[in-house]
Amino acid sequence: MTAHFTPKSDFLRVLIERGFVHQCSDYAGLDEKALAGGLTAYIGFDCTAASLHVGSMLPIMMLHWLQKTGGKPIALMGGGTTRVGDPSGKDEARKLLSVEQIEQNKDGIRQVFDKFLDFNAGAIMIDNAEWLTKLNYIDFLRDVGRHFSVNRMMSMDSVKMRLERDQELSFIEFNYMCLQAYDFVEINRRYDCVLQMGGSDQWGNIVTGIDLGRRMGAPQLYALTAPLLTTASGAKMGKTAAGAVWLNADMLSPYDYWQFWRNTEDGDVARFLKLFTLLPMDEITRLAALGGAEINEAKKVLANEATALLHGRTAAEAAAETARKTFEEGVVADSLPTVSVPASEAIGMGVLSAFVRAELVASTGEARRQIKGGGLRLNDAAVSDERAALSAGDFTNGVAKLSLGKKKHVLLKAE
RNA sequence: GGGGGAAUGUCCCGAGCGGCAAAGGGGGCGGACUGUAAAUCCGCUGGCUAUGCCUUCGCAGGUUCGAGUCCUGCUUCCCCCA
């Protein structure tokens, strides 16, 4: 798809060579726009949670590169569309979030953008609630609705597939598409933005926006989508034992974030280095060439770089150091995640409740099962008796190390 | 409007003659093997103050010693006819 196109602009060149591009509505046209300088592009983000997760890193990095290559990135918060609720997740009986909740989520998400975009140098963050909530149904239909070609929308893959399979396609879903399309035109009008980027699943929505733009007399608009990210073994990115890999530090510690990248599959290392770090390409090529156990070095670099981007260099180094002590020396690093418990409670506490307290397991029942499977360890010794209790001797300097499996460790601190 | 079908372990799919904490997958977690990888093999995958107790099969009632299973009403979804 991109094989025979040689971009002249830095923007497209970087994105293509680093593997960000899946589809583009018009490579040559967009290349020219980018070359002319000052290219403005936006990506929409949902406000359904208080933090974004790694799945959103890809689009965020695209905006980052846009700014780095001289463009102007816009992060669009779906404050308005979130109020409608994206129906694509189907029967998920999506709960409607309150407006305050959405505002809170926006704040949480903003923290992340601050790290990747320079809002003092042209990057902006906007919220489609600003215009969407003011729409009047009749006016909208007359001014905008008449430009939507249902024929065209019917021919889109997402819609066609639903119809062919006799699957439900609700009216609200159809409208969601229209709102997103309208966003594009509105943002173009307000900010002279001609490019919308997003995941490959957004292709249909983005193209609908381009189409609407043409009909409403907007300048030529462009679409650029990123590939859907899956790991080499086909699983979707971003989910892990403890749930989603959140970007906010208060929802997932920098150490755990570092671990997430450290545990990357071999087959993903090169791809991830290109997508999630800013390392120069020749450096990545060198790292990717490492084979066998040496590839672990590349994984450490990946973890360091990715963590540094999000949580800062200091936090990344601390995480790396903690990991080195824990895994390579088997020493108890005092920077492992820590849970404090009053000393009076800690001494004599049953092992089961201790692991629950440390949030390594969800229930005493699970703790019991893990013990049976040999998965729980106290100070690196397997726990075999579920009725054992913590004694003063288990605490060194007031700290006991609890482990689930080989990778998850928590320090229980008696205070 | 008429007729037919469906809803199951709160991750998903999915079996279930009236005795069910409920088959089987996928996914996830743990163990072995490794390189904190992949592949492979094995175990686990409702809760608890635990030889017992409690809560689960769309919702609400009913029949029964006993109901995911039978009956009635309701909700939601799908299909066919109009």
Side-chain angles (χ1 to χ4, degrees), chain A residues 53 87 89-95 162-173 230-245 255-273 287-288 290-304 306-307 319-331 333 336-337 345 348-353 355-378 380-387 389 402-410:
Chain A
H53 52 85
K90 248 228 147 181
D91 63 5
E92 268 206 20
R94 65 212 143 67
K95 49 224 163 206
R162 292 288 191 85
L163 294 178
E164 273 165 13
R165 288 192 209 147
D166 271 332
Q167 276 178 341
E168 164 87 354
L169 177 69
S170 73
F171 184 60
I172 194 175
E173 189 156 10
T230 53
T231 68
S233 38
K236 38 180 192 288
M237 278 272 300
K239 289 285 184 179
T240 189
V245 179
Y255 172 74
D256 286 327
Y257 189 75
W258 192 93
Q259 282 297 322
F260 169 76
W261 292 108
R262 174 63 245 263
N263 287 317
T264 299
E265 296 175 24
D266 286 9
D268 287 326
V269 174
R271 200 156 51 105
F272 286 3
L273 279 168
L287 288 168
L290 296 174
E294 284 197 326
I295 198 163
N296 281 321
E297 289 313 309
K299 291 185 188 181
K300 284 181 205 165
V301 173
L302 171 64
N304 285 341
T307 308
E321 181 58 16
T322 304
R324 199 183 59 76
K325 277 190 188 156
T326 310
F327 287 98
E328 291 173 24
E329 293 175 17
V331 177
L336 281 171
E345 257 182 82
M349 180 184 267
V351 269
L352 296 177
S353 16
F355 278 92
V356 173
R357 197 63 177 261
E359 289 179 1
L360 285 169
V361 293
S363 67
T364 58
E366 189 186 337
R368 244 177 268 270
R369 277 181 239 119
Q370 290 293 8
I371 287 175
K372 234 181 278 172
L376 296 189
R377 278 171 302 138
L378 167 61
D380 296 318
V383 177
S384 54
D385 179 9
E386 58 181 54
R387 277 192 283 191
L402 306 183
S403 314
L404 167 65
K406 285 180 212 146
K407 296 182 190 171
K408 275 164 268 169
H409 311 281
V410 168

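Residue numbers begin at 1 in each chain, while the letters A, B, ... track the order of the sequences.
B/G1 is paired with B/C81 under the criterion used here, namely a Watson-Crick or G-U wobble arrangement in which both key atom distances are under 3.5 Å. Applying the Watson-Crick and G-U wobble criteria (two distances, each under 3.5 Å), B/G43 pairs with B/C29. Under the Watson-Crick or G-U wobble criterion, with both distances below 3.5 Å, B/A22 is left unpaired in every strand shown. Judged by Watson-Crick or G-U wobble contacts below 3.5 Å, the nucleotide B/U76 has B/A6 as its partner. Base pairing of B/C70 is made with B/G62, judged by Watson-Crick or G-U wobble geometry with both donor-acceptor distances under 3.5 Å. Nucleotide B/C17 forms a pair with no other nucleotide shown, judged by Watson-Crick or G-U wobble geometry with both contacts under 3.5 Å. Both distances falling under 3.5 Å, in either a Watson-Crick or a G-U wobble arrangement, occur for no nucleotide opposite B/A50.
A heavy-atom distance below 4.5 Å is found between the side chains of A/Thr326 and A/Leu336. Side-chain contact between A/Asn304 and A/Trp258 is present, with heavy atoms from C-beta onward closer than 4.5 Å.
Phosphate contact (OP1/OP2 of B/C48, side-chain N/O of A/Ser363, threshold under 4.0 Å): present. Distances shown here put every side-chain N or O of A/Lys372 at or beyond 4.0 Å from the OP1 or OP2 atom of B/C42. The phosphate of B/U49 (OP1 or OP2) has a side-chain N or O of A/Thr364 nearer than 4.0 angstrom.
Between atom CD of residue A/Glu265 and atom NZ of residue A/Lys299 there is a gap of 8.0 Å, rounded to the nearest 0.5 Å. With rounding to the nearest 0.5 angstrom, the CG atom of A/Leu402 is 6.5 Å from the CG atom of A/Leu360. Here the OG-CZ distance, from A/Ser403 to A/Phe355, works out to 6.5 Å after rounding to the nearest 0.5 Å. Taken to the nearest 0.5 Å, the OG1 atom of A/Thr307 stands 12.0 Å off from the CZ atom of A/Arg262. To the nearest 0.5 angstrom, A/Ile371 atom CD1 is 5.0 Å from A/Leu376 atom CG.
For the pair A/Gly374 and A/Ile295, nearest-nucleotide mapping onto RNA chain B gives the more 5' position to A/Gly374. Both A/Leu376 and A/Glu328 lie near RNA chain B, and the one whose nearest nucleotide falls closer to the 5' end is A/Leu376.
You'll find that the side chain of A/Gln370 is closest to B/G30, out of B/U36, B/C48, B/G30. The side chain of A/Lys406 approaches B/C33 more closely than any other nucleotide in the set B/G35, B/C33, B/C48. In this structure, the nucleotide among B/G30, B/G47, B/U36 sitting nearest to the side chain of A/Arg369 is B/G47. The nucleotide whose nearest atom lies closest to any side-chain atom of A/Glu265 is, among B/A37, B/U36, B/U49, B/A37. Nearest nucleotide to the A/Lys299 side chain, out of B/A37, B/U36, B/G46: B/A37.
Here the P atom of nucleotide B/U36 and the CD atom of A/Glu297 are 11 Å apart, to the nearest Å. Rounded to whole angstrom, the span from the CD atom of A/Glu359 across to the C1' atom of B/C29 amounts to 17 Å. A/Arg377 places its CZ atom 13 Å from the P atom of B/U36, with the value rounded to the nearest Å. Rounded to a whole Å, the CD1 atom of A/Ile371 is 16 Å from the C1' atom of B/U45. Residue A/Glu366 contributes atom CD, which lies 9 Å from atom C1' of B/C44 at whole-angstrom precision. Going from atom CG of A/Asp266 over to atom C1' of B/A39 covers 11 Å, rounded to whole Å. One can place CZ of A/Arg324 at 15 Å from C1' of B/U36, the figure rounded to the nearest angstrom. Nucleotide B/G28 holds its P atom 15 Å from the CG atom of A/Leu404, rounded to whole Å.
Taking atom P on both nucleotides, B/C12 is separated from B/G28 by 15 Å, rounded to a whole Å. Remark: the separation of the P atoms in B/G25 and B/C74 is 40 Å, to the nearest Å. Nucleotides B/C54 and B/G68 place their P atoms 15 Å apart, quoted to the nearest Å. Only the P atoms considered, B/A21 is 14 Å distant from B/C57, to the nearest whole Å. Here, B/C53 and B/A22 have their P atoms 15 Å apart, quoted to the whole Å. Nucleotides B/U72 and B/G5 have their P atoms positioned 13 Å apart, rounded to a whole Å.
Remark: the A/Gln259 side chain and the B/U36 base include a donor-acceptor N/O pair separated by less than 3.5 Å. A donor N or O paired with an acceptor N or O is not found under 3.5 Å between the base of B/U36 and the side-chain atoms of A/Lys300. Side-chain atoms of A/Arg262 stay outside donor-acceptor range of the base of B/A37, with no qualifying N/O pair under 3.5 Å.
At a threshold of 4.0 angstrom between heavy atoms, the contacts of A/Thr264 are confined to the sugar-phosphate backbone, with no base atom among them. As judged by a 4.0 angstrom heavy-atom cut-off over every strand, A/Arg387 is placed among residues making no nucleic acid contact.
For A/Glu321, the CD atom is densely surrounded, since the number of other residues' heavy atoms within 6.0 Å is greater than 12.
In this structure B/C48 sits in the anti conformation; its chi angle is more than 90° from 0.
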